[in-house]
Each structure stands twice: as structure tokens, then as C-alpha cells.
There are 2 protein chains.
Amino acid sequence: MTSLGIGALAKRVGVRIDTVRYYERSGLLAPESRLESGYRRYSEAELTRLRFIRRAQVLGFSLKEIGELLALSKARNVVRVKRAAEVKLADVEERIAALVRMRDALSTLVSTCPGHGEPADCPILKSLGGEDCNEHS
Amino acid sequence: MTSLGIGALAKRVGVRIDTVRYYERSGLLAPESRLESGYRRYSEAELTRLRFIRRAQVLGFSLKEIGELLALSKARNVVRVKRAAEVKLADVEERIAALVRMRDALSTLVSTCPGHGEPADCPILKSLGGEDCNEHS
DNA sequence: CTTGACGCTGGACCATGGTCCAGGGTGTAG
DNA sequence: CTACACCCTGGACCATGGTCCAGCGTCAAG
């Protein structure tokens, strides 16, 4: 059946072989089985799991957090799973809010900056708090 | 005048002394002057600069990026400063979009999860791609 | 002058998330 | 059987962003 070696698995998901082994060391992704020789074999389940790990990572979750998320799928307690998801949701919303504040600040700076003229007239320079814009005493 | 030792500076901004020295090693924050003894002295300008570093960091900028941002305040080329700010703005907007996608996915999961019953009915568990929810071949 | 807080330097150490290498063995096609 | 790609393990190494320590000098109040 669809059984992959570590190289094929890594290629499918676009990660390095070492990364797959690193995830294994980190307790995130175990091979479905091993050949007599010790070669790792992966099934579709591990492919899905590895893709999930990568997706979650891109979205700012640490490997530790991802491990917790993954652990929830084994803990068959639906209530706890839901609560954990809610916590992650709140966390993501906080991150968004912080970035939105940054975006607003940046966009105000960009739109009020004439883009020419004296540095002293540039709101971006002023807001950076650089030496050129601050009192030296 | 308002001249601070490294300890006072660190306390005002809420960072450790070692962190201030680490930023100095990284080329982000030099003391305004040194006493004969070698003690670092900081003025208001450095206080502002340190606060800027922290703010930017919270918003996901690396120390390297912060260094670039700070360098712009010395480059008195307003055009380049504005362009750099626009690039950062686009970057922040991308991060927001990625997080919003994650938030939407998470919130759909949370709101469609009954919070009780069979694990098989929990959309969160299903989406994790865990072994409990996948075919084993 | 003594004491205690504060500061100095250089270098070790930490966690995170990999990445690479040596020195082997294995799998398979020709 | 030979070749060559693939895989194994263990351990070193990397960048980032700190954090801590030893061993020593300094500053300021009492």
C-alpha cells in the first residue's frame, strides 16, 4: 500500500529528511513501522500528521504547542479538546490584535510621510526615536 | 541631566541588564557615553530607542530587522525610509492574513464542535489528522 | 574608610528549530 | 554481482535571543 520511506515522505511535504527525524526525536511524528533493517516506513496517517505540523508551524505555533495539539487527538476527551482549541483561538486573536496595532501605526506613518523633503518632516523618522529626531540632553 | 546607568535604563524598560548589553553587542543600542571607569551612561534618546526595540520585537520583528529599521533613521534619505516602511507594512499585512485564516479555521472548529459525545463527532479531532480519525490503510 | 549595591569583561550555557557529517548498512536494477 | 541511491545512528554545528557566572573594579551613603 501507500507506504513511504523517509525520503519520499519528506519530499511530499517539502521538508528535509533531517527535519522529519528531528520531529521524531521531538516526539511529534513516529513512523508507522520499521523494516527489519531499521528503515522507517510511513503511512498516509503520518503524511497527514506531518502536513498538519507544518501548517501549524507556519501559523506561529511552536513544536511544543503542536505536540499538545496533537496529543489532544489521542485524549478522547472532547471537552478538553474543545477547551484547548478555544485557548489557541484566543491566543491567535491576541496576536492578530497586536499585529493590527502595528499595521495601523505603520500605515499612518507611511501615508502621512510626504516621501520627499526634509528628514525632519518625515513622521517615520520621528517615530523611530532615532538620534536625529531626539534631544541630546 | 537625565542620565541613566545600565541598571536604571533596564528597569525603566523592563528588560534585564544582560539584554541591554546583548543589544549593544548586536549593534542596536550604544550608550551615549562612558564614565572613566567604563560604566555606561544612557540619555533619553537611548531610552526611547530601547523602548522602540522592544515594541518592534513584540510585533514580530527580528533584531536584525529592527537594526535595519533603526539604520533608516540615520540614512537621511526620506524616499528609502518610506519604501522600507511600506515593505514592513506589506509584511505585517501578510502575517495578519495568515493568522486570520488560522483564526477562522479554529473558530469554525470550535463552534461546530458539540463539546460532548463521541470523539468521532468532534470536528477538531477530525481536522487534526490524528490516528484516531484516519484510515490505517 | 567600610560596606553594599552597582557595573565591568569574557566566556559559558540555555532553548528552539533545525542542518550536516562520518562511517557505516540496505535495496534494487541491470 | 556491482552500482548507486537510499537509509541508519550518534553527535557536532548553526543562528537567534538571550541568561548567568566568575572575578574583579567602582560609587555613594553612613
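We use all heavy atoms of the structure for the numbers below, so side chains are in, but hydrogens, waters and symmetry mates are not. Note on naming: letters A, B, ... go to the chains in the order of the sequence lines (proteins, then strands), and numbering restarts at 1 for each one.
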Original post:
Can you check whether B:Thr19 has a side-chain N or O nearer than 4.0 Å to OP1 or OP2 of D:dT19?
Top reply: yes

**OP:** Return the 5'-most residue of the pair B:Arg21, B:Leu63 with respect to DNA chain D, ranking by each residue's nearest nucleotide.
**Re:** B:Leu63

**OP:** For B:Ser62, report the nucleic acid contact type (base, sugar-phosphate, nothing); a contact means any heavy atom under 4.0 Å.
**Re:** sugar-phosphate

Original post:
With a 4.0 Å cut-off on heavy atoms, is B:Arg40 in touch with a base, just the backbone sugar-phosphate, or nothing at all?
Top reply: sugar-phosphate

Subject >> Over all atoms of both residues, closest heavy-atom pair of B:Gly5 and B:Arg41 >> reply: N-NH2, 2.5 Å

Original post:
Quick check: does any side chain N or O of A:Glu65 sit under 3.5 Å from a backbone N or O of A:Ser62, one acting as donor and the other as acceptor?
Top reply: yes

[atom1] of [X] versus [atom2] of [N]: gap in Å, rounded?
X       : N      : atom1 : atom2 : value
A:Arg25 : D:dC8  : CZ    : P     : 12 Å
A:Ile6  : C:dG27 : CD1   : P     : 15 Å
B:Lys64 : D:dA15 : NZ    : C1'   : 11 Å
B:Arg41 : D:dT26 : CZ    : P     : 15 Å
B:Asp18 : C:dG10 : CG    : C1'   : 13 Å
B:Arg34 : D:dG25 : CZ    : P     : 17 Å
B:Ile17 : C:dA5  : CD1   : P     : 14 Å
B:Leu9  : C:dG7  : CG    : P     : 10 Å

Subject >> B:Tyr42 and B:Arg12: side chain donor to acceptor below 3.5 Å >> reply: no

Original post:
Does a side chain donor of either A:Arg49 or A:Tyr23 reach within less than 3.5 Å of an acceptor in the other side chain?
Top reply: no

Original post:
Which nucleotide sits closest to the side chain of A:Tyr22: D:dG18, C:dT16, C:dG7?
Top reply: C:dT16

Original post:
If you draw the axis of the six-membered ring of A:Phe61, does the NZ or CZ of A:Arg95 fall within 45° of it and under 6.0 Å from the ring centre?
Top reply: yes

Every protein N/O within reach of nucleotides 27-30 of chain D N/O, cut-off under 3.5 Å:
| residue | atom | partner | partner atom | Å |
| --- | --- | --- | --- | --- |
| D:dC27 | OP1 | B:Ser37 | OG | 3.0 |

Subject >> Counterpart residues, salt bridge (Lys or Arg N to Asp or Glu O under 4.0 Å), relative to B:Arg34 (two or more places apart) >> reply: B:Glu24

**OP:** Could you give me the CA-CA distance, side-chain angles and deciding distance for A:Leu70 and A:Ile53, then say whether side-chain contact (heavy atoms from CB on, under 4.5 Å) is met?
**Re:** CA-CA 9 Å; A:Leu70 254 10; A:Ile53 293 168; 3.9 Å; yes

Subject >> 5'-most by nearest nucleotide on DNA chain C - A:Arg16 or B:Gly38 >> reply: B:Gly38

